[in-house]
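Quick notes on the structure that follows.
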Amino acid sequence: MSDSNIEERVKKIVVEHLGVEEEKVANDASFIDDLGADSLDTVELVMAFEEEFGVEIPDDAAETILTVGDAVRFLGKSTA
Amino acid sequence: MRRVVVTGLGMVTPLASGVDATWRRLLAGENGAGRISGFEIEDLACQVACQLPRGDGSDGTYNPDEWMEPKEQRKVDEFIVYAMAAADQALADAGWKPEKYEDQIRTGVLIGSGIGGLTGIVEAGYTLRDKGPRRVSPFFIPGRLINLASGQVSIRYGLRGPNHAVVTACSTGAHAIGDAARLIGLGDAEVMVAGGAESPISRIAVAGFAACRALSTGFNDRPKMASRPYDEDRDGFVMGEGAGVVVLEELEHAKARGATIYAEVIGYGLSGDAHHITAPADDGDGAYRCMKAALERASVSPSEINYVNAHGTSTPLGDEIELAAIERVVGDAADGLTMSSTKSAIGHLLGAAGAVEAIFCLLAIRDNIAPPTLNLDNPSVATPIDLVPHKAKEKPIDVALSNSFGFGGTNASLVFRRI
């Protein structure tokens with residue numbers, strides 16, 4: 001799976017779940033600090049990533065996914 | 001106890017979103033019932049309900065996006081959005097948006113619901129069964145809990161006083177207003193945002209209430225005739241949805257800020273039937289004692305009651321039992337009494353019903369007019385009480401009583417007086 005494809009799908013999920021504009025969803029955007037998420041939103045985001053990419057993201061790994069880029073990198077590795 | 005008045009009203013009903021639009025349509029004899037849309041109904045015994053007129057928000061239509069951001073709506077059941085809409089309207093009407101900490105800690109919320117987020121519970125059940133526990137949303141619980149209507153309103157408006165909720169089935173809205181008034185009366189708050197919200201119209205709720213034999217089933221092809229309180233052809237209630245919220249305020253607090261006062265909450269009565277989980281007791285003793293308690297608290301005599309908004313759900317048993325209980329309460333004053341069931345127009349809003357109907361009482365006092373009982377073609381029993389068939393009735397109304405009774409044998413009555 002190409003990285004750009006993963007990035008596109010991650011960003012689409014973020015836009016849908018957080019109700020933010022697409023251009024704000026930059027690679028270095030923090031879910032909580034930049035995109036208005038709270039801790040429950042981040043739990044739901046991780047679930048949506050799991051569902052979309054058919055992977056399981058353990059809680060300790062989920063805690064390291066703080067930005068859009070973190071998610072793209074993690075999912076790139078786990079779906080490689 | 002300190003005196004408590006009503007200074008703000010808000011509602012979302014099957015007739016309209018908004019107090020003025022709902023009231024205008026109610027007085028004009030409009031009817032909110034229709035065949036249920038939104039889900040499969042062919043296998044349901046009851047196929048009619050009073051659903052909100054959804055639209056872009058113009059002309060009294062209900063547009064949830066006006067009241068809660070779409071991404072937040074996704075996390076909650078609809079009863080919470082309805083509560084937000086009604087609370088927003090009520091606070092705007094009251095002109096009370098406390099900015100100062102001292103005002104915020106003296107303003108509380110007490111909004112209830114009869115059954116809360118049933119739809120979301122069903123959906124989460126499917127998710128759990130089909131996809132497993134790791135797919136159950138973190139918003140599942142906080143989006144269904146009944147007290148999250150109060151919680152969300154409190155958070156949005158910074159209301160830091162009592163944060164409470166009531167769950168008493170179909171008397172929820174009345175208990176919420178009565179209890180909130182008590183909190184102000186006893187000094188726990190100066191202002192309370194109180195009422196009820198309900199979003200029950202779903203396959204599971206229709207199936208469940210139909211199984212209790214509570215719903216109308218004989219009017220699926222004539223939905224606007226299905227809710228017909230006191231009429232000999234009535235065969236059960238018609239489910240409605242929506243919310244009613246009032247702003248209650250300590251009298252001197254309201255006066256000091258020059259608030260518009262609709263009326264005073266002068267009486268509140270509560271009782272239990274101790275009889276059956278769904279059926280009312282034949283002797284109407286619970287309803288009688290409830291009204292009696294409210295009138296005693298109000299210190300008004302039966303002849304002073306100008307209007308009663310009845311519980312009157314259009315069930316074969318309940319309507320006549322309530323009517324007999326009222327006749328017993330008012331005695332000789334039955335002759336001059338005016339009573340209607342607005343459930344004939346908006347259906348039964350369950351946990352929101354008592355709040356919406358309390359607001360109808362307040363508007364009846366404001367405008368000196370009693371809303372009609374639709375579809376009352378042939379009363380099943382003779383009564384000296386004027387049941388206001390078909391057409392609204394103008395008459396001086398200074399004192400109004402609202403009844404709400406619920407499954408579990410729970411009863412609440414509220415009395416309001418012009419001030």
Side-chain angles (χ1 to χ4, degrees), chain A residues 6-26 29-68 70-72 74-79, chain B residues 56-57 63-81 83-85 88 116-117 119-160 163:
Chain A
I6 291 173
E7 186 175 321
E8 212 171 280
R9 287 157 70 191
V10 164
K11 287 185 175 174
K12 187 164 174 272
I13 287 170
V14 173
V15 167
E16 275 169 13
H17 280 261
L18 300 183
V20 289
E21 287 159 23
E22 211 171 330
E23 53 266 31
K24 287 192 178 155
V25 188
S30 155
F31 298 129
I32 290 179
D33 296 335
D34 301 318
L35 301 177
D38 66 17
S39 59
L40 296 182
D41 288 314
T42 62
V43 173
E44 200 189 37
L45 267 182
V46 167
M47 280 184 177
F49 296 148
E50 288 184 329
E51 177 110 16
E52 170 73 16
F53 293 93
V55 297
E56 189 165 313
I57 305 175
D59 285 353
D60 53 347
E63 282 167 22
T64 68
I65 300 176
L66 305 175
T67 67
V68 176
D70 292 342
V72 173
F74 182 89
L75 292 163
K77 271 186 277 177
S78 53
T79 59
Chain B
D56 63 4
N63 177 4
D65 297 354
E66 282 184 54
W67 313 106
M68 199 182 228
E69 282 186 57
K71 75 171 170 105
E72 298 302 319
Q73 287 174 39
R74 202 174 51 76
K75 302 173 185 172
V76 301
D77 244 70
E78 283 187 306
F79 79 98
I80 292 180
V81 189
M84 289 294 253
D88 191 277
T119 303
I121 291 171
V122 170
E123 285 167 3
Y126 290 143
T127 301
L128 179 65
R129 187 192 62 194
D130 299 337
K131 297 181 175 179
R134 289 182 59 84
R135 289 290 173 275
V136 174
S137 165
F139 300 107
F140 164 54
I141 297 293
R144 320 303 136 202
L145 292 179
I146 281 175
N147 73 299
L148 261 286
S150 289
Q152 291 271 7
V153 169
S154 156
I155 292 163
R156 174 174 293 178
Y157 300 102
L159 311 181
R160 300 166 190 267
N163 191 292

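Proteins come first, then strands; the chains are lettered A, B, ... in the order of their sequence lines, and each starts at number 1.
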Legend entry - Verdict with supporting geometry, A:Glu44 and B:Lys75, salt bridge (Lys or Arg N to Asp or Glu O under 4.0 Å): CA-CA 10 Å; A:Glu44 200 189 37; B:Lys75 302 173 185 172; 5.9 Å; no

Legend entry - Over 12 foreign heavy atoms within 6.0 Å of NZ, B:Lys71: yes

Legend entry - Engaged part of A:Leu45 at the chain B interface, taking heavy atoms whose separation is under 4.5 Å: neither

Inset, instruction - Would you mind checking which part of A:Glu50 comes under 4.5 Å of any heavy atom in chain B, side chain (CB onward), backbone (N, CA, C, O), both or neither? - result: both

Inset, instruction - Kindly give the heavy-atom pair with the smallest separation between A:Leu40 and B:Pro138, and that separation in Å. - result: O-CG, 3.3 Å

Legend entry - Heavy-atom closest contact (A:Glu16 atom, B:Arg74 atom, distance): O-NE, 4.2 Å

Inset, instruction - Enter the distance from B:Glu72:CD to A:Asp41:CG here, rounded to the nearest 0.5 Å. - result: 7.0 Å

